[in-house]
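Here the structure is laid out as structure tokens; the discussion comes afterwards.
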Protein chains: 2
Amino acid sequence: MAAQRGQRNGVGVTPPAPTAAEITTPIPRVTEVPAARERARAIPEAAVARLAVYLRVLSGMQEHGSGTVSSEELAAAAGVNSAKLRKDLSYIGSYGTRGVGYEVAVLIEEIERILGLTRKHSVAVVGIGNLGHALANYGGFPGRGFPVTALFDVDPDLVGVPVGGLPVGHIDDIARVCAEREVSIGVIATPPPAAQAVCDRLVSAGVQCILNFAPVVLQVPDHVEVRKVDLAVELQVLSFHVARRADNAAVLAEANGRAANGRAVDGMVVS
Amino acid sequence: MAAQRGQRNGVGVTPPAPTAAEITTPIPRVTEVPAARERARAIPEAAVARLAVYLRVLSGMQEHGSGTVSSEELAAAAGVNSAKLRKDLSYIGSYGTRGVGYEVAVLIEEIERILGLTRKHSVAVVGIGNLGHALANYGGFPGRGFPVTALFDVDPDLVGVPVGGLPVGHIDDIARVCAEREVSIGVIATPPPAAQAVCDRLVSAGVQCILNFAPVVLQVPDHVEVRKVDLAVELQVLSFHVARRADNAAVLAEANGRAANGRAVDGMVVS
DNA sequence: CTGACTTTGTGCACACGTTCACAAGCGGTA
DNA sequence: TACCGCTTGTGAACGTGTGCACAAAGTCAG
């Protein structure tokens, strides 16, 4: 991350003495050449996702007029514990003031920089069914720096029809249109059977990041990043918790009913 | 998990000699009462999500006519490595045959049982905007045992209008309707400001599992399970990867250009 | 029945992520 | 200036999840 910082914030932001932190982190990996890559990768995926959450909470605070926050406050608002929050923030640098807290504006700027939100990322949505419609009309995307600049479908009846103010293009034009409009993120909202083919087209059109809503495991080359949102899986995980809860209730009830004294359940299982 | 199995598969399926596996797992936890709970919880969240994926792949294989799969095949189709797959399956029991593989039908049955899919889970969707419409019309839910049985919105113009064959109810009726229709999963697709209030209503209506699409951190009591799907976060994580890639390319290019011999980049950073 | 071959199930080591606890550092106050 | 209280930043312990590698256990051929 030191390398990143060195690359881009040449002016402004008062670079705050990058001293001890740098030395301690990736040195143990001795005699390894791609140390520069290590550094950029040094921020855990889970932390990245949380940074996005912090960013939204901070935006809300800024609109509300807060100038500074403590890790405790911010953590509460984001639904995590404060130690984790501080560690997450430490991955991107030391922008807090001890005894005071963090300046909201500074944090927002830094998180946006790390997440690459200083530049806009054009989004293409492929598959204009129910979900595709919803995505095309969703205000949260352009509002956060992700303008939807292209829509595609196979259905000839849909091609040319404007959805969310943007005419639907035909799937065969993916390569050309994506190149023209510099699409950097492709969203797949097609039926499952079409997903892999669409994915291949996006990849060969140069799109390197894909958000996949189709319940399919996509095969992509190494340099392409895929994130999957699977509604059925989410529901099934919830279903598991319902079942677990029911089972626990049953087991506990049985245990209580059977013998009120000590570890009866344990004994039962072992025998 | 032994307790679970004991509870419900009394008939059929030829219970395959639960011997050594049982003994090795939770014994180290000495003299602890809630061992029964431990067992049900013993299956990691990450594994549960993957089980849902395996289930879908298996369903596809069954339709395709496959009778058995090896861990290698199934793992490839699900996009994980075979060791992880076997470990995941071992959490639910030993249903494979060494030297042969797993019987597709058996695995499907067992995974469905563990995920609690033997019983239907009614779903209520709150917030019939773009996304709510899409969810109400989404065929993947009822097809997988999650019938959408109630829709709600605040907008009086929407109340009574049928969406996806189901009339929209008013938010004030959540408690009554959810109880009537035995809703076990609530889906929140409202604008952010309304989400917490809707959540509170669902909880007080007895709903214990919530799938939240609103970009808000919900506050719920301990016994309620929340899963969050946040499209903005997904995009921002992708954006981070775009930025990281760009940075790496820049750093590596610089490193190569500056000095072809050894760790020039490291030196630069430390000094 | 034996032996060769295949694939599962899992002990073990490792890596990653989370949490704790505390020194370091800053602002305010006397 | 010296002290005090507060909050950050982070080493270190811990727990969880992942991947390897192999023994156990089955099938099949001869």
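Naming convention: chains lettered A, B, ... in sequence-line order (proteins, then strands); numbering from 1 in each chain.
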In this structure, how many angstroms lie between the C1' atom of dT7(C) and the CG atom of Leu85(B), rounded? 12 Å
Let me know, please, whether Ser70(B) or Arg50(A) comes out on the 5' side of the other along DNA chain C by nearest nucleotide. Ser70(B)
Phosphate OP1/OP2 of dC20(C): any Arg86(A) side-chain N/O under 4.0 Å: no
By side-chain contact (heavy atoms from CB on, under 4.5 Å), which residues pair with Arg98(B), not counting sequence neighbours? none
Taking the nucleotide of DNA chain C with the nearest heavy atom to each, does Asp88(A) or Val100(A) sit closer to the 5' end? Asp88(A)
Residues of residues 71-83 of chain B with a heavy atom under 4.0 Å from any atom of DNA chain D, listed by number, are Asn81(B), Ala83(B)
Mark yes or no for a side-chain to base donor-acceptor pair under 3.5 Å between Lys87(B) and dG19(D), with no hydrogen or angle criteria applied. yes
Glu45(B) CD - dG17(C) P separation (whole Å): 17 Å
Where the side chain of Arg98(A) is defined as all heavy atoms beyond and including C-beta, which of dC26(C), dT10(D), dC22(D) is the nearest nucleotide? dC26(C)
Side-chain donor-acceptor pair under 3.5 Å between His241(A) and Glu45(B), yes or no? yes
Please report the distance, rounded to the nearest Å, between NZ in Lys84(A) and P in dA12(D). 22 Å
Check whether any side-chain nitrogen or oxygen of Tyr102(A) sits under 4.0 Å from OP1 or OP2 of dG9(D), and answer yes or no. yes
